[in-house]
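Here's the structure we're looking at; comments come further down.
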Amino acid sequence: MSQSFSAGDIVQLKSGGEPMTVEEINGNEVTCVWSESKKFQRQVFVAATLKPYQRPAVGFSVGRA
């Protein structure tokens, strides 16, 4: 199943890495932008290599004994 993205979506490489913003989609190519060490980055990725970004959970849960 192929993933569908829209401009403005936050994505991440399936292999990990920084969260990136989808800037443009051209067929199966997705142009993403992000900031790394205060430097603006832009690169084109094949859509199949990306997944929606999910923020790490913050906080904790209390289990019952």
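Along the sequence shown, residues are numbered consecutively beginning with 1.
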Whether the side chain of Q12 engages the backbone of G17 through a donor-acceptor N/O pair (distance < 3.5 Å, no angle test) should be reported.
yes

Can you give the donor-acceptor pairs under 3.5 Å from side chains of residues 44-53 to other protein atoms, not counting sequence neighbours?
from : atom 1 : to  : atom 2 : distance (Å)
T49  : OG1    : V46 : O      : 2.7

Residue pairs fulfilling side-chain hydrogen bond (donor to acceptor under 3.5 Å, both in side chains) with at least one residue in residues 14-33, sequence neighbours excluded:
E23-R42

Looking at every heavy atom in both C32 and V11, which two are closest together, and how far apart are they?
SG-CG2, 3.8 Å

When every non-hydrogen atom of P19 is compared with those of I10, the smallest separation belongs to CB-CG2, 3.9 Å

